[in-house]
Amino acid sequence: MGRGRVQLKRIENKINRQVTFSKRRSGLLKKAHEISVLCDAEVGLIVFSTKGKLFEYATDSCMERILERYERYSYAERQLVATTDHSYPGSWTLEHAKLKARLEVLQRNQRHYMGEDLDSLSMKELQNLEQQLDSALKHIRSRKNQLMHESISELQKKDKALQEQNNQLSKKVKEREKELAQQNQWEQQNQELNSSSFVLQQQLDSPNLGEAYQSTAEENGEVERGSNSQQQTANTVMPPWMIRHLNG
């Protein structure tokens with residue numbers, strides 16, 4: 001016997017209603033996943049229980065992108081309807097309700113990312129949230145490491161430039177010291193030459209120097225006259241033949 005057709009109506013028994021909700025919810029999520037994989041479709045599924053607990057499924061765990069696409073599509077349809085009928089009733093009310101729902105989803109996701117209000121999440125939802133946080137942390141660490149490497153490279157370039165500048169300055173300082181040493185040596189030699197010239201000039205300009213030369217000349221003359229007189233005396237004493245012999 002085949003399975004009979006189930007009459008669709010609210011289940012009165014609370015326990016049976018909860019069990020049916022759990023089974024049908026799991027089947028619905030499974031079907032949503034299957035159609036997204038088999039047909040390469042973007043699927044977004046949102047289910048609220050009677051207690052207000054949220055259950056959702058989104059392709060690639062990106063419900064925000066699916067909702068944004070849905071809002072753009074709905075907005076395009078409303079614009080098309082508005083161009084054909086400007087008296088479209090309730091458009092602003094619908095837009096406000098969607099924006100409000102969108103804001104609630106964003107706020108809820110923000111709380112989840114901050115580690116708050118996690119009691120309503122299932123194991124799979126917590127795993128998806130953990131994967132999203134891990135992926136975000138990987139991107140953050142990658143960007144941080146990139147900035148650190150760039151900063152280190154920039155500091156190394158600055159250090160190399162400063163070392164080259166320091167070497168150039170040291171070379172210039174050594175050249176300057178060498179020039180100053182040579183200049184001091186030349187100045188010392190010029191001072192010695194100037195002092196020698198000054199002493200010689202003083203000796204030449206001294207008035208006693210001429211008298212000394214004159215007295216020296218007179219003494220030399222007296223010595224020569226003395227030697228001549230002695231020679232003449234000797235000539236007078238010695239006989240002529242001896243003088244000729246000596247001169248010869």
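Remember, it's a predicted structure, so these values are computed and weren't measured experimentally. Counting begins at 1 with the first residue of the sequence.
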Engineer: Measuring only between side-chain heavy atoms, which start at C-beta, is Leu133 closer than 4.5 Å to Glu130?
Structural biologist: no
Engineer: Atom CZ of Arg25 and atom OG of Ser49: how far apart are they, to the nearest 0.5 Å?
Structural biologist: 8.5 Å
Engineer: Which heavy-atom pair separates Val43 from Ser36 by the least distance, and what is that distance?
Structural biologist: CG2-CB, 3.8 Å
Engineer: Using atom types as modelled, flag every donor-acceptor pair under 3.5 Å from a side chain in residues 143-169 to any protein atom, sequence neighbours excluded.
Structural biologist:
residue: Arg143; atom: NH1; partner: Gln146; partner atom: OE1; Å: 3.4
residue: Asn145; atom: ND2; partner: Arg141; partner atom: O; Å: 3.1
residue: Gln146; atom: NE2; partner: Glu150; partner atom: OE2; Å: 3.4
residue: Asp159; atom: OD2; partner: Gln163; partner atom: NE2; Å: 3.2
residue: Asn167; atom: ND2; partner: Gln163; partner atom: O; Å: 3.1

Engineer: If you take all heavy atoms of Ala58 and Ile66, which pair is closest and at what distance?
Structural biologist: CB-CD1, 4.0 Å
Engineer: What are the two closest heavy atoms between Arg108 and Leu54, and how far apart are they?
Structural biologist: CZ-CD2, 3.0 Å
Engineer: Taking the side chain as everything from C-beta on, heavy atoms only, tell me whether Lys174 gets closer than 4.5 Å to Lys171.
Structural biologist: no
Engineer: So, taking the atom named CG in Leu29 and the one named CZ in Arg24, what distance separates them when rounded to the nearest 0.5 Å?
Structural biologist: 13.5 Å
Engineer: Mind running salt bridge (Lys or Arg N to Asp or Glu O under 4.0 Å) on Arg176 and Glu179 for me, showing each step along the way?
Structural biologist: CA-CA 5 Å; Arg176 183 60 179 170; Glu179 292 177 358; 3.5 Å; yes
Engineer: So how far is it from Asn184 CG to Glu177 CD, rounded to the nearest 0.5 Å?
Structural biologist: 11.5 Å
Engineer: Is it the case that atom OH in Tyr113 sees more than 12 heavy atoms from other parts of the structure closer than 6.0 Å?
Structural biologist: yes
Engineer: Counting only heavy atoms not in Ile35, do more than 12 sit closer than 6.0 Å to its CD1 atom?
Structural biologist: no
Engineer: Would you find a donor on one side and an acceptor on the other, under 3.5 Å apart, between the side chain of Arg111 and the backbone of Glu116?
Structural biologist: no
Engineer: Side chains of Leu103 and Gln107: does their closest heavy-atom pair fall under 4.5 Å?
Structural biologist: yes
Engineer: Please name the pair of heavy atoms, one in Asn16 and one in Asn13, separated by the smallest distance, quoted to 0.1 Å.
Structural biologist: N-OD1, 3.2 Å
Engineer: Taking the side chain as everything from C-beta on, heavy atoms only, tell me whether Phe48 gets closer than 4.5 Å to Lys53.
Structural biologist: no
Engineer: Applying side chain to side chain donor-acceptor pair (under 3.5 Å), can you list everything that pairs with Gln182, at least two apart in sequence or on another chain?
Structural biologist: none
Engineer: Apply side-chain contact (heavy atoms from CB on, under 4.5 Å) to Ile11 and Phe21, showing your working.
Structural biologist: CA-CA 10 Å; Ile11 301 175; Phe21 174 79; over 6 Å; no
Engineer: Take a 6.0 Å sphere around CG of Leu193 and say whether it holds more than 12 heavy atoms from other residues, nucleotides or ligands.
Structural biologist: yes
Engineer: For Ser122 and Glu125, work out which heavy atoms get closest and say how close.
Structural biologist: N-OE1, 2.9 Å
Engineer: Any side-chain heavy atom of Glu56 within less than 4.5 Å of one from Leu45?
Structural biologist: no
Engineer: Taking the side chain from Ser26 and the backbone from Ser22, do they hold a donor-acceptor pair closer than 3.5 Å?
Structural biologist: yes
Engineer: Do Met63 and Asn109 touch side chain to side chain, with heavy atoms closer than 4.5 Å?
Structural biologist: no
Engineer: A side-chain contact here means heavy atoms from C-beta on lying under 4.5 Å apart; do Glu187 and Gln183 qualify?
Structural biologist: yes
Engineer: Under 4.5 Å between side-chain heavy atoms, counting indirect links through other Ile/Leu/Val/Met/Phe/Trp/Tyr residues: same cluster for Tyr57 and Leu28 or not?
Structural biologist: yes
Engineer: Indicate yes or no: does Glu12 engage Arg10 in a salt bridge with an N to O separation below 4.0 Å.
Structural biologist: yes
Engineer: Could you tell me the separation between the OG1 atom of Thr50 and the CD atom of Gln18, rounded to the nearest 0.5 Å?
Structural biologist: 6.5 Å
Engineer: For Arg69, I'd like to know if atom CZ has over 12 heavy atoms of other residues, nucleotides or ligands within 6.0 Å.
Structural biologist: no
Engineer: Among residues at least two apart in sequence or on other chains, which ones pass side-chain contact (heavy atoms from CB on, under 4.5 Å) with Leu118?
Structural biologist: His112, Leu121, Leu126, Leu129
Engineer: Taking all heavy atoms of Glu71 and all of Lys98, pick out the closest pair and write down the distance.
Structural biologist: OE2-O, 4.2 Å
Engineer: From Asn190 CG over to Gln185 CD, what is the distance, rounded to the nearest 0.5 angstrom?
Structural biologist: 11.0 Å
